[in-house]
Enquirer: 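After the structure tokens below, expect a handful of questions from me.
For ligands, and for the atoms within them, numbers begin at 1 and follow the listed sequence. All values below were derived from every heavy atom in this structure, side-chain atoms included, with hydrogens, water molecules and symmetry-related copies excluded.
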Amino acid sequence: MKIGIGYDIHRFRKGRALVLGGVRIKHPKGLDGHSDADVLVHAIMDALLGASGLGDIGLLFPNTDPAHRGASSVGLLKKVAAKIRKRGYKIVNLDSVIVAEAPKISPFAPAMVSNIARAAGIKSSEVSVKATTNERLGAVGSKKGMAAFAVCLLE
Ligand code: MG
């Protein structure tokens, strides 16, 4: 069994689409980044890569590579999951937390879970997406950005 942890944070930027767990959410600002800036999926990929000893997303998908500009992070997760299977690992479960003051995540969580499960090649019952606010504290609390944490277990 191998356990992995992932963390990511992105700034909000006007004129960008907000994509979380592969779900496009109507919001005044999106997250800034080289890819679609899906902070949740980035944290999940880093948890998986950490557990399997494959490095991190910066190593696999450098933000200097034009091929990943605007890339779908769920698409990248699919690649990560394939690499992990190739190494002989099976994903047991994924748990995650989005930290954001807004928007409200719960209405979108089931769609995120299903996108992540499909990309990771596991059942929706093995994926969890939770959300909390930062109690208006710090950069996330003043709505400058959004963070996410993830853990996974591999067998
Ligand atoms: Mg990121």
Enquirer: Restricting to under 2.8 Å, identify the protein N, O or S atoms around the Mg ion (ligand 1) as residue plus atom.
Expert: D8 OD2, H10 NE2, H42 ND1
Enquirer: Does atom NZ of K104 have more than 12 heavy-atom neighbours from other groups under 6.0 Å away?
Expert: no
Enquirer: What residues form a side-chain contact (heavy atoms from CB on, under 4.5 Å) with V23, not counting sequence neighbours?
Expert: I25, F108, A111, M112, N115
Enquirer: Do any pairs count as a side-chain hydrogen bond (donor to acceptor under 3.5 Å, both in side chains) and have a residue in residues 73-84, sequence neighbours left out, and if so which ones?
Expert: D36-S73, H42-S73
Enquirer: Please confirm whether F12 and H27 have ring centers closer than 6.0 angstrom.
Expert: yes
Enquirer: For H10 and D32, indicate whether the former's side chain and the latter's backbone hold a donor-acceptor pair under 3.5 Å.
Expert: yes
Enquirer: If you look only at pairs with a residue in residues 132-155, which of them pass as a salt bridge (Lys or Arg N to Asp or Glu O under 4.0 Å), with sequence neighbours excluded?
Expert: K90-E155
